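Remarks on the structure that follows.
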Amino acid sequence: MPEMNLFSDIRTLVVDALDALVAEGALPAGLDYAGVTVEPPRDALHGDMATNAAMVMARPAGLKPRDIAEMLAAKLLADPRIVAADVAGPGFLNLGLDARVWCAIIPAALEKGADFGRSTLGAGRKVNVEYVSANPTGPLHVGHTRGAVFGDALASLLDFAGYQVTREYYINDGGAQVDVLARSVYLRYLEANGQEVQFPDGTYPGSYLVAVGEALKDKYGDALVDEPESEWLEKLRDFSTDAMMDLIRADLASIGVRMDVFYSEKSLYGTGLIEAALADLDSKGLIYEGVLDPPKGKQPEDWEPRVQTLFKSTLHGDDVDRPVKKSDGGWTYFAPDIAYHFDKVQRGFDELIDVFGADHGGYVKRMKAAVSALSDGRVPLDIKLTQLVKLYKNGAPYKMSKRAGTFVTLRDVVDQVGPDVTRFHMLTRKNDAPLDFDFDKVQEQSKDNPVFYVQYAHARICSVLGKAAAAGIDTGRETLLAADLSEIRHDAEVKLVRKIGEWPRLLELAAVNHEPHRLAFYLYDLASDFHALWNRGNELPELRFLQESNPQRSVAKISLISAVAVVLSAGLGILGVTPMKEMR
RNA sequence: GGCCCCGUAGCUCAACCGGAUAGAGCACUCGCCUUCUAAGCGAGGGGUUGCAGGUUCGAGUCCUGCCGGGGUCACCA
């Protein structure tokens, strides 16, 4: 059992038992076990694990669920791991496991360390996670931060679950906004050359371009000052986007995000890739010249029918067909997007994930349609939308004004609260739920703050290890692996062991659902169970981890909490958060 | 108006491709602090999962229609 996933182990046991019943003729042959699950029961009173096998099999077998459950229970009880099998409710089978089965998770965790829970679920399938992909026109802001943290944690999660992951950023450097950037930089360049400048509407007045203007002066002196736009625009596009990407890369680095690939939209032009992508669609009969209907309901005032080159995305689930060429013959922005995803498909990815801001929700269907068409439905594209971040300061909404240039940047956030707090907090919400971010509350050191609570659990364990060493107790790896785990028998301890046992399963669930926030919630629960046990030591001295007069028992308890530390550390690692060794 | 997301305890949110009596935290009530770190702990009250239908042995979860909030809507990326 390479993955040490107790739930899949027991599921295998259940399936084997079903097979045995089939062999005996008690159940008909040819049953589909796909719907059979083994999961932790909602209520701990229901035992250690519950399976729905009897209910799933009842209809195809033509038997009553409870009757099947009874037969199944008899079979399962023959296995030494199963100490109880009770039929309950409509046909659930509640299983009780031998405590030793649970406790085996402890040496497994200690053995694997940071790799505990690593799964082969992905089977090496290649998955591309595209995230951030902010326009290269300025520093990243809070909205981008959430996308960056989410995408990065998702990528790490998939990596841990056995996928071969590529982290990718698509640079929108081919459109008109790059010209705007170049003109804005030119103004800063004139300023650097001593001129008074105004920033008209449609330029970027942000002060972050001051340094770029000065760098430009360092390079060209005053040579470009009296030149017409046609002379400098091309030069400044590259110079400016390079500068912005340096800025963005540094922003990303400040929260620990490092991309494998930065893919330039501009690099698509002139390579024939756009043409090839559209030719591919054309060969499938999905490109035509036509006129779109006006949008239903609200009609734009300046709307008029035009003949355009259209992609028949409606055949792949979209609501309307989408233009790929403008009426002047140039590409729409959608065309390079198609080509870019075509390239991803051609690079051999088995699965694609795009992380967009919620304001891009309107592009989901067309992108999925494009990938579906380009890959003939072979490559799934999942698009995760990250909802808005609402900023607060001391409970009061923190207003941003784009016009006044006071929008909050990623750097503002990271400089104030640090990367760990930023990352963890942004992962304590589902991606499609809005997120409140209070600069003060996220830094609070109390139980109310999940970031602290989880970190504190890890630090506490480290503290105990330190005390143990000071007390002369050997907590070396070999000693812990050899611990006598029959010492672990109190309910609060066993509860903690079970929680550790859920980690491999939880990880896989989070991975298949593309939901890293589940790790954050799990880690909070794990920390909570640990803190609870710690506090029980107040009233029941025998629950304290260090038993002065009993080194052997201490070692058993320390192996338990070391396993907790392993999971906390592995989980935080996936989320990109440093496990603290001490809190100060 | 079309499409997408959301609607769960007073508040902020979970709920494992549909499972048992829908769970946490905050707030509230009660009881606990000379400790391996009380920067807390334990117990309790609190619900027609927006509304109305449907599918199912079983629905917060899937389908349909409404209500409410947000986002978005052809030749801008």
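Computed over heavy atoms, backbone and side chain alike; hydrogens, waters and symmetry mates excluded. Here the structure is a predicted model, which is why all the values come from computation and not from measurement. Order of the sequence lines sets the chain letters (A, B, ...), proteins ahead of strands, with each chain counted from 1.
- Below the 3.5 angstrom threshold, one finds no donor paired with an acceptor across the side chain of A:Arg536 and the base of B:C41.
- Heavy atoms of A:Ala50 sit under 4.0 angstrom from at least one base atom.
- The pair A:Lys393-A:Asp440 fails the salt-bridge criterion, with no side-chain N (NZ, NE, NH1 or NH2) lying under 4.0 Å from an Asp/Glu carboxylate O.
- For the pair A:Asp293 CG and B:A74 P, the interatomic distance rounds to 14 Å; values are reported in whole Å.
- For the contact set between residues 311-325 of chain A and RNA chain B, defined by any heavy atom under 4.0 Å, the members are A:Asp319, A:Pro323.
- For the pair A:Lys495 and A:Asp529, the salt-bridge criterion is met [side-chain N within less than 4.0 Å of a carboxylate O].
- Residue contacts for A:Ala34: at a heavy-atom cut-off of 4.0 Å it reaches a base atom on one of the strands shown.
- Taking only distance into account, the side chain of A:Asn94 meets the base of B:A20 through a donor-acceptor pair shorter than 3.5 Å.
- At a threshold of 4.0 angstrom between heavy atoms, the contacts of A:Phe452 include nucleobase atoms, whether or not backbone atoms are also involved.
- Within the 6.0 Å centre-distance limit, the rings of A:Tyr340 and A:Tyr263 are counted as a close aromatic pair.
- Between A:Glu502 and A:Lys499, at least one side-chain N (NZ, or NE/NH1/NH2) sits under 4.0 Å from a carboxylate O, which counts as a salt bridge.
- Distance A:Glu39 CD to B:A15 P: 14 Å, rounded to the nearest Å.
- Ion pairing between a basic and an acidic side chain is recognised when a charged N comes within 4.0 Å of a carboxylate O; A:Asp179 and A:Arg237 show such pairing.
- Across all strands shown, A:Arg544 has heavy atoms under 4.0 Å from base atoms, whether or not it also approaches the sugar-phosphate.
- Among the atoms of the strands shown, none is found under 4.0 Å from any heavy atom of A:His531.
- As judged by a 4.0 angstrom heavy-atom cut-off over every strand, A:Ser446 is placed among residues touching the sugar-phosphate backbone only.
- Between A:Tyr522 and the phosphate of B:A15, there is no side-chain N or O to OP1/OP2 separation shorter than 4.0 Å.
- For A:Arg366 and A:Asp319, the salt-bridge test fails: no basic side-chain N is under 4.0 Å from an acidic carboxylate O.
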